[in-house]
Amino acid sequence: MRPSRARNPSGGLNKSCAVSRCALFTVLICLAQPAFARPLVTSSEENVVRLCIAREGTPQRIVAACDAALAEAGLTTAQRVDLTIARADGHLWLENHDAAETGYRDAASADPQSPDAWNGLGWALRETGGDRAAFDAFETSLAVEVSIQGLGGKAATGRGAGLLSGEEARVLLRAALAIDPEYAWALREIGWSLLDDDRPDDAETVFGEALALDALDLNARYGLGRAVLSSGKAERALEHFNGVLAEDPEFFAARVYRIITLRDLDRNAQALRESDRLIETFPDRSSGYVERALSLQSLQRRTEAIETFARAEQILGDDNSILYWYADALAGDRRFKEALDVIDRALGLSGANHSDHLLKSYIALELKDYALVRSAAEASLQTGVEDPWAHYYIAISMVHSGQTDEGLTRFARAMETGLPDDRVGAFARELISAGKYVEAAQLRLRY
């Protein structure tokens with residue numbers, strides 16, 4: 001038996017966002033609309049400086065207005081900083097992350113006491129350099145001035161980088177809510193942190209609070225669907241995902257989780273059809289192929305599932321998600337040497353995480369390569385995720401390497417960190433196969 005990988009499809013977030021500084025965290029996920037072929041300034045009451053600072057219109061028009069404003073003479077240093085930040089905001093909303101980072105850096109260099117510059121840099125760095133790089137920018141912002149953006153950014157990036165626990169991040173998010181009780185993003189982020197901490201009932205409550213603030217918040221409703229699905233209430237989850245998709249048919253993550261929910265309800269043929277539609281709509285995204293193959297596996301069409309993964313790799317090239325599930329499918333078909341080759345390719349990519357190492361450890365266990373079992377499980381733990389399965393695999397490798405006492409100690413650690421109870425019998429079999437009959441009997445007495 002092997003653990004399942006956490007599912008986290010990207011994209012598909014709510015597009016109906018207002019462009020404003022107070023909602024920066026929300027609007028950075030908005031999809032840009034085409035620019036209109038009309039003059040930037042349309043009346044005597046307007047000028048490009050005001051249009052840029054107000055961030056009115058589409059992100060393209062904001063950038064254009066800011067470009068024109070920055071070219072004007074007679075600007076003060078403070079005005080130039082504000083215009084540079086606004087221009088960087090426009091680039092961020094257009095997902096021109098490198099241009100946004102450059103703009104925020106220029107603004108922070110011109111005025112190191114500008115929290116907006118540091119907060120913007122944090123969001124941009126999260127895209128270009130990851131959570132760890134962004135965390136420092138948010139810490140600098142908070143040293144200049146406490147703001148909800150700084151608190152929220154530090155919470156999100158600190159948790160993502162493993163620098164803050166879920167509860168530590170929630171303390172910061174609740175502080176942001178103390179400043180602005182209607183900061184819906186902070187509520188949603190608390191909900192996601194609770195889900196990550198395996199507290200779906202609490203997450204359900206928080207996502208419900210976000211919906212109470214705004215009944216049309218599709219991100220909150222999607223989160224509510226995820227929470228109730230994690231609680232085993234698949235029918236209710238399907239209602240939430242259907243509701244999100246009725247409002248926004250292109251909400252990518254909701255489409256993915258609708259497919260997952262259909263499989264949970266054993267509606268596998270429908271899940272397969274929805275997967276094919278997802279591939280048709282998003283042919284360059286891996287999730288459609290993964291869900292198609294997993295749906296085929298649920299229909300006991302394993303050969304077609306493996307063929308789907310092989311075809312997806314040909315179409316998309318190197319993709320960690322595809323390779324992980326491809327290796328998992330090959331392992332499920334007992335093609336362990338092929339599976340080991342595929343998971344090694346996944347581990348060579350930048351997106352590899354503890355789950356990839358764990359799957360390699362499981363495959364090595366099936367091949368009875370106990371040295372590889374241990375090294376792969378230890379590599380999983382080195383990512384900072386203390387998964388009970390890693391301790392379990394290490395315990396098995398120790399038993400078969402003559403380190404029985406150490407193996408029993410490590411198995412106890414696995415149980416303490418959440419290993420399923422059915423692994424007690426499985427570990428007893430490993431002890432017996434290594435000739436440790438007395439230890440196997442004592443194990444049953446203990447657990």
Side-chain angles (χ1 to χ4, degrees), residues 1-11 130-132 160-162 196 252-253 256-257 259-260 263 275 278-279 282-298 302-394 396-397:
M1 182 176 177
R2 57 195 182 279
S4 298
R5 191 186 207 192
R7 313 299 297 281
N8 187 26
S10 60
D131 285 321
R132 184 63 186 86
D196 287 344
F252 182 79
V256 173
Y257 267 89
I259 296 168
I260 293 169
R263 280 203 306 276
S275 300
L278 191 65
I279 293 171
F282 300 97
D284 59 342
R285 306 285 288 272
S286 62
S287 292
Y289 298 95
V290 169
E291 300 309 326
R292 182 179 198 278
L294 294 179
S295 299
L296 286 165
Q297 286 180 277
S298 296
R302 189 178 297 164
T303 299
E304 292 175 73
I306 292 172
E307 289 171 351
T308 295
F309 285 124
R311 179 164 59 89
E313 187 182 5
Q314 290 177 345
I315 294 170
L316 300 179
D318 291 336
D319 182 279
N320 179 268
S321 183
I322 290 292
L323 291 174
Y324 173 90
W325 291 107
Y326 189 7
D328 184 77
L330 289 167
D333 204 39
R334 304 196 64 78
R335 293 160 62 175
F336 296 114
K337 290 184 178 179
E338 293 174 71
L340 184 61
D341 174 69
V342 173
I343 198 62
D344 274 337
R345 282 191 276 135
L347 285 164
L349 303 178
S350 60
N353 62 25
H354 83 283
S355 297
D356 299 279
H357 292 289
L358 272 186
L359 180 55
K360 180 174 180 176
S361 187
Y362 164 76
I363 293 167
L365 181 61
E366 292 293 336
L367 292 170
K368 300 189 185 306
D369 185 340
Y370 297 112
L372 187 58
V373 169
R374 183 167 181 172
S375 64
E378 287 176 341
S380 175
L381 292 172
Q382 287 168 7
T383 66
V385 178
E386 188 175 18
D387 193 297
W389 289 90
H391 294 299
Y392 174 61
Y393 293 147
I394 292 171
I396 293 174
S397 71

Item to complete: Provide the closest heavy-atom pair for Phe336 versus Ala331 in the form atom of the first, atom of the second, distance.
Response: CE2-O, 3.4 Å

Worksheet, complete the sentence: d(Arg285 CZ, Leu278 CG) to nearest 0.5 Å is 8.5 Å

Practice prompt. Find the distance between CG (Leu367) and OH (Tyr362) and round it off to the nearest 0.5 Å.
Written response: 10.0 Å

Discussion item. I need the minimum non-hydrogen distance between Asn320 and Ala352, along with the two atoms involved.
Written reply: ND2-CA, 3.5 Å

Response to the item:
Nearest heavy-atom contact between Tyr324 and Leu359 is O-CD2, 3.5 Å

Response to the item:
Checking Val342, Leu340, Asp341 against Asp344 for side-chain contact (heavy atoms from CB on, under 4.5 Å), the one that qualifies is Leu340

Worksheet item: If you measure from the Lys or Arg side-chain nitrogens to the Asp or Glu carboxylate oxygens, is any gap between Lys360 and Asp356 under 4.0 Å?
Response: no

Worksheet item: Which pair of non-hydrogen atoms, one from Ala293 and one from Ala305, has the smallest distance, and what is that distance?
Response: O-CB, 3.3 Å

Fill in: pair Arg335-Ile306: side-chain heavy atoms closer than 4.5 Å
yes

Worksheet item: How are the rings of Tyr393 and Trp389 set relative to one another: parallel (under 30°), tilted (30 to 60°) or perpendicular (over 60°)?
Response: tilted

Worksheet entry | CG-CG distance between Leu347 and Asn353, expressed to the nearest 0.5 angstrom | 9.0 Å

Throw together a table of side-chain donor-acceptor distances under 3.5 angstrom for residues 374-382, partners on residues two or more places apart or in other chains.
residue, atom, partner, partner atom, Å
Arg374, NE, Glu378, OE2, 3.1
Arg374, NH1, Gln403, OE1, 3.0
Ser375, OG, Ala371, O, 3.4
Ser375, OG, Leu372, O, 3.2
Ser380, OG, His354, O, 3.2

Practice prompt. Measure the shortest side-chain to side-chain distance between Ser287 and Phe252 over non-hydrogen atoms and say whether it is less than 4.5 angstrom.
Written response: yes

Worksheet entry | Distance in Å, Ile396 CD1 paired with Leu365 CG, rounded so as to fall on 0.5 Å steps | 5.0 Å

Worksheet item: With no hydrogens and no angle check, is any side-chain donor or acceptor of Ser361 less than 3.5 Å from a backbone partner on His357?
Response: no

Worksheet item: If only atom types and distance count, is the side chain of Tyr326 paired as donor or acceptor with the main-chain N or O of Thr308 below 3.5 Å?
Response: no

Fill in: Side chain to side chain, Ile315 and Tyr289, heavy atoms closer than 4.5 Å
yes

Worksheet item: Could you state the interatomic distance from CZ (Arg345) to CD (Glu313), rounded to the nearest 0.5 Å?
Response: 4.0 Å

Worksheet, complete the sentence: Between Val290 and Ser321 the two heavy atoms that sit nearest each other are CG2-OG, 3.7 Å

Worksheet item: Is the closest side-chain heavy-atom distance between Asp387 and Leu358 below 4.5 Å?
Response: yes

Item to complete: Kindly compute the distance separating CG (Leu323) from CG (Leu349), expressed to the nearest 0.5 Å.
Response: 6.0 Å

Response to the item:
What one should report as the nearest heavy-atom pair of Ile279 and Arg292 is CD1-CD, 3.8 Å

